[in-house]
Amino acid sequence: MMRSWGCGSGWSGFGHMGWMGSGMSYLTIALIVILVVVLYMAFRTNRQSNQQSSAMAILDEQYALGKINEDEYLKRKKNLGK
């Protein structure tokens, strides 16, 4: 009698797909995790730059309206640049 090497052969301990199936699953999970981390970092950086630019817009507006003098404007602008 010939032995079948199909899906149910049992020689592989990694399920019906064998070692390649589980390896591809780990690779897929790793790529998804990396993608999520990269997207998180990109959005976080974008959000920080938007906050800084809105602070500069408020500072510019206060100076234009005469609420702060030039020395105060330059001092705050320098602090925002850090």
Worksheet entry | Whichever hydrophobic residues join Val38 through chains of side-chain contacts under 4.5 Å | Ile34
Item to complete: Mind listing the closest non-hydrogen atom pair of Leu80 and Met56 along with its distance?
Response: CD1-SD, 3.5 Å
Worksheet item: Which residues pass the side chain to side chain contact (heavy atoms under 4.5 Å, CB included) test with Leu65, sequence neighbours left out?
Response: Glu61, Lys67
Item to complete: Measure the CG-CG distance between Asn79 and Leu74 for me, rounded to the nearest 0.5 Å.
Response: 11.0 Å
Fill in: Heavy-atom closest contact (Lys77 atom, Leu59 atom, distance)
N-CD2, 3.5 Å
Worksheet entry | Gap separating the CZ atom of Arg76 from the CD1 atom of Ile58, nearest 0.5 angstrom | 11.0 Å
Practice prompt. Answer yes if Val37 and Tyr40 sit in the same cluster of Ile, Leu, Val, Met, Phe, Trp and Tyr residues linked by side chain heavy atoms under 4.5 Å apart, and no otherwise.
Written response: yes
Item to complete: Using side chain to side chain contact (heavy atoms under 4.5 Å, CB included) as the criterion, list what pairs up with Asn69, not counting sequence neighbours.
Response: Asp71, Glu72
Worksheet entry | Pair Gln62-Tyr73, side chain to side chain contact (heavy atoms under 4.5 Å, CB included): steps then yes or no | CA-CA 8 Å; Gln62 287 181 344; Tyr73 173 77; over 6 Å; no
